Amino acid sequence: MRPIVLRGHERPLTQVKYNNDGDLIFTCSKDNSASVWFSANGERLGTLDGHMGTIWSIDVDSSSKYCVTGSADYSIKIWDISTGKDVYTWKSLVPVKNVQFSPCGNYVLAVLDNVMKYAGSINIYQIKRDEKTHEAIEFVEEPLFTLETVEGLDAVSVAGWSIGGKNIFAGHKDGKVSKYEIDVNNKVFKFVDSIELHESNVSDMQFSPDRTYFITASRDSKSHLVDCATMKVLKTYESDCPLNCSTITPLKEFVILGGGQAAKDVTTTGANEGKFEARFYHKIFEDEIGRVKGHFGPLNCVAVSPTGTSYTSGGEDGIVRLHHFEKSYFDFKYDVELAAEAKEHMQEAN
C-alpha cells in the first residue's frame with residue numbers, strides 16, 4: 001500500500017478519527033491546532049484553531065455537523081465543521097484527556113485527568129438540538145452528571161459509549177476496565193462493575209461498528225477484544241512491543257495495532273529496531289498477518305474508515321499516514337475461510 005503522507009502538525013499526533021461517512025479525517029496533536037482532511041486524496045480541508053495547549057482528543061458527531069476537542073488548556077470545545085468556527089467552550093478544572101459524542105449526538109463525555117489533587121472523573125455534557133436539522137439550540141453549561149473515580153480504581157485514561165448509549169466503558173491507568181450504566185431520561189448514572197484486564201495503563205479503546213464489543217491497547221504489549229454485555233474477553237492479541245492504539249476493521253475480520261518503543265528512547269533507536277509498524281492481526285484466529293512500516297517513531301493513534309477501504313495512523317514523528325487498501329487486502333483469506341466458502345457454494349449449487 002502506497003501511503004498518502006499528511007504533513008499538517010508540528011508535534012506528535014494524539015488522535016485520528018473518521019466521520020461516519022468516511023470521507024473526512026480529523027487529526028489532533030500536541031500542538032494547539034486540529035486538522036480536517038479529505039480521505040480520498042489527503043487534501044486538507046482546514047484547521048480548527050483556538051486551543052492554547054495540547055489537544056489530547058477529538059471526535060465528530062454522527063451527522064458530521066459538529067466536532068469536539070479536549071485539551072490540556074482545561075477546555076472542551078465544540079466546532080462547526082462547515083465553518084471551522086469554535087461555537088462553544090466548556091471550562092474544566094484540569095486537563096481533558098479524552099472526549100467522545102454519544103451515538104445520538106446529544107451528549108459529550110469528557111475524561112478529566114487526575115492532577116492537582118483532583119481525583120479524575122468522566123463528565124457528561126448535554127447539547128440540545130433541533131430534531132430535524134440537528135442544529136445545536138443550547139449547550140448546557142453545567143455537566144449533566146459527573147462519574148467520579150470509584151474507590152479502588154485508578155483514574156480513567158480513555159472512555160467510550162456502547163450501543164445505544166446505554167453504557168459507558170472506561171479504561172483506567174492501572175489497567176482495569178469499568179462499566180457504567182447510563183440512562184439520561186431517568187437520571188441513572190451508576191458504576192456497574194470492573195475487570196482486571198491489563199498490567200499497565202489502558203492507552204486506547206475503540207468500539208466495533210455496532211458498538212457491541214470493543215478493543216483495547218496497553219503498554220503491556222497486549223490488546224483485548226471485550227464483549228460489552230458480559231465484559232468477557234473474547235480474543236487476545238500479543239505483540240513484541242508496547243502498544244498505544246488499536247482498532248477494528250469493517251468488511252474484513254482484522255484488527256490493527258500500533259505502538260513501538262517509548263518516545264524517550266527513539267533517538268537512540270532505528271526505525272526497524274523501534275518496531276514502529278502498524279500490525280495487522282486476524283480478529284478470529286489471533287494471528288499476526290502483516291505489518292506496514294513508514295513512521296519514524298511510535299504509532300500513537302490509528303483509525304479505520306467506516307467504509308473499510310482505508311486506515312490512517314498518526315505517529316510520534318508528527319506525521320499522518322493515510323493508506324487505501326489494495327485488492328490483495330480484500331482477497332486475503334485463511335484456508336479454513338476458503339473451504340467454508342467452497343462448501344457454501346456447493347450447497348447452493350445442489
Side-chain angles (χ1 to χ4, degrees), residues 17-20 57-68 70 76 78 90 96-112 120-129 131 134 136 138-140 142-150 152-153 155-172 176-197 202 204-217 224-235 246-248 250 255 283 303-304 306:
K17 276 285 182 77
Y18 283 83
N19 66 338
N20 266 16
S57 183
I58 191 167
D59 194 26
V60 54
D61 66 7
S62 58
S63 61
S64 298
K65 205 165 196 65
Y66 298 106
C67 171
V68 61
I76 305 151
I78 298 290
W90 285 291
V96 180
K97 299 294 288 186
N98 188 234
V99 290
Q100 190 177 109
F101 279 105
S102 63
C104 66
N106 295 330
Y107 306 95
V108 171
L109 71 75
V111 174
L112 274 57
S121 66
I122 302 174
N123 285 10
I124 300 170
Y125 297 90
Q126 184 177 12
I127 303 172
K128 296 182 179 179
R129 301 194 188 216
E131 293 183 2
H134 301 291
E138 179 187 356
F139 297 95
V140 180
E142 293 299 318
L144 186 65
F145 197 82
T146 297
L147 300 170
E148 298 179 347
T149 302
V150 176
L153 296 177
V156 174
S157 54
V158 63
W161 305 81
S162 69
I163 182 171
K166 296 178 181 178
N167 297 104
I168 286 176
F169 288 85
H172 295 261
K176 295 178 182 177
V177 168
S178 58
K179 180 178 182 179
Y180 299 84
E181 182 182 344
I182 305 296
D183 184 348
V184 293
N185 294 324
N186 296 311
K187 306 297 182 184
V188 176
F189 306 88
K190 66 178 183 179
F191 171 77
V192 177
D193 197 6
S194 69
I195 57 173
E196 295 188 8
L197 195 65
V202 180
D204 194 16
M205 174 186 291
Q206 296 193 37
F207 286 77
S208 63
D210 62 2
R211 292 185 176 268
T212 59
Y213 60 96
F214 58 87
I215 191 169
T216 62
H224 298 288
L225 214 63
V226 182
D227 180 72
C228 289
T230 63
M231 291 190 76
K232 290 184 178 180
V233 175
L234 303 174
K235 299 290 177 180
S246 57
T247 190
I248 303 166
V255 300
K283 186 172 72 175
V304 176

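Given the structure is predicted, the values throughout are model-derived calculations rather than measurements.
Partners of T216 under the side chain to side chain donor-acceptor pair (under 3.5 Å) rule, at least two apart in sequence or in another chain, are H198. In this structure, the side-chain contact (heavy atoms from CB on, under 4.5 Å) partners of N186, at least two apart in sequence or on a different chain, are D183, V188. Listed by chain and number, the residues in a side chain to side chain donor-acceptor pair (under 3.5 Å) with T146 are N123 (sequence neighbours excluded). Scanning for side-chain contact (heavy atoms from CB on, under 4.5 Å) contacts around S194 gives L153, S178, F191, with sequence neighbours left out. In terms of the side chain to side chain donor-acceptor pair (under 3.5 Å) criterion, residue partners of N19 (sequence neighbours excluded) are, by chain and number, D23, S64.
To the nearest 0.5 Å, atom NE2 of residue H134 and atom CG of residue N106 are 9.5 Å apart. Between L112 atom CG and L147 atom CG the span is 11.5 Å, to the nearest 0.5 Å. Atom CD1 of I182 and atom CD1 of I122 lie 8.0 Å apart (nearest 0.5 Å). Taken to the nearest 0.5 Å, the CD1 atom of I215 stands 12.0 Å off from the CZ atom of F207. L144 contributes atom CG, which lies 6.5 Å from atom OH of Y107 (distance to the nearest 0.5 angstrom).
Of all heavy-atom pairs spanning I58 and V99, the tightest one is N-CG2, 4.1 Å. Listed here is the closest heavy atom pair of Y125 and I76: CE1-CD1, 3.6 Å. Y18 and P306 get closest at one heavy-atom pair: CB-CD, 3.7 Å. In terms of heavy-atom proximity, S246 sits nearest to D204 at N-OD2, 3.0 Å. Between V60 and F101 the shortest heavy-atom distance is C-CD1, 3.6 Å. Between T247 and Q206, the closest heavy-atom pair is OG1-OE1, 3.0 Å.
Side-chain contact between V184 and F189 is present, with at least one heavy-atom pair separated by less than 4.5 Å. With a 4.5 Å cut-off on side-chain heavy atoms, K128 and V140 count as touching. V158 has its side chain out of reach of V111: every pair of non-hydrogen atoms, C-beta onward, lies at least 4.5 Å apart. Using a 4.5 Å cut-off on side-chain heavy atoms (C-beta onward), V96 and S57 make no contact. Residues V202 and L197 have side chains not in contact (no heavy-atom distance under 4.5 Å, counting atoms from C-beta outward). Counting heavy atoms from C-beta outward, W90 and I78 have side chains that approach closer than 4.5 Å. Two residues are said to be in side-chain contact when any heavy atoms from C-beta on lie closer than 4.5 Å; I124 and W161 meet this criterion. Within the 4.5 Å cutoff, the side chain of S208 has no heavy atoms near those of the K283 side chain.
A side-chain donor-acceptor contact under 3.5 Å links S157 to the backbone of G171. R129 contributes a side-chain N or O that, together with a main-chain N or O of G105, makes up a donor-acceptor pair within less than 3.5 Å. Of the possible polar contacts, none joining the E181 side chain to the K190 backbone as a donor-acceptor pair under 3.5 Å is found.
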Pairs of donor and acceptor atoms involving the side chains of residues 162-170, under 3.5 Å and at least two apart or interchain, shall be tabulated with distances.
unit_1, atom_1, unit_2, atom_2, d
S162, OG, N167, N, 3.3
S162, OG, N167, O, 3.4
N167, ND2, Y180, O, 3.2

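Around the CD atom of E138, the shell of radius 6.0 Å holds more than 12 heavy atoms that belong to other residues, nucleotides or ligands.
Taking 4.0 Å as the cut-off between side-chain N and carboxylate O, D59 and K17 count as a salt-bridged pair.
Under 3.5 Å, the side chains of Q100 and N98 contain no donor-acceptor pair of N or O atoms.
Using a 30° and 60° split on the angle between ring planes, F139 and Y66 fall in the perpendicular class, above 60°.
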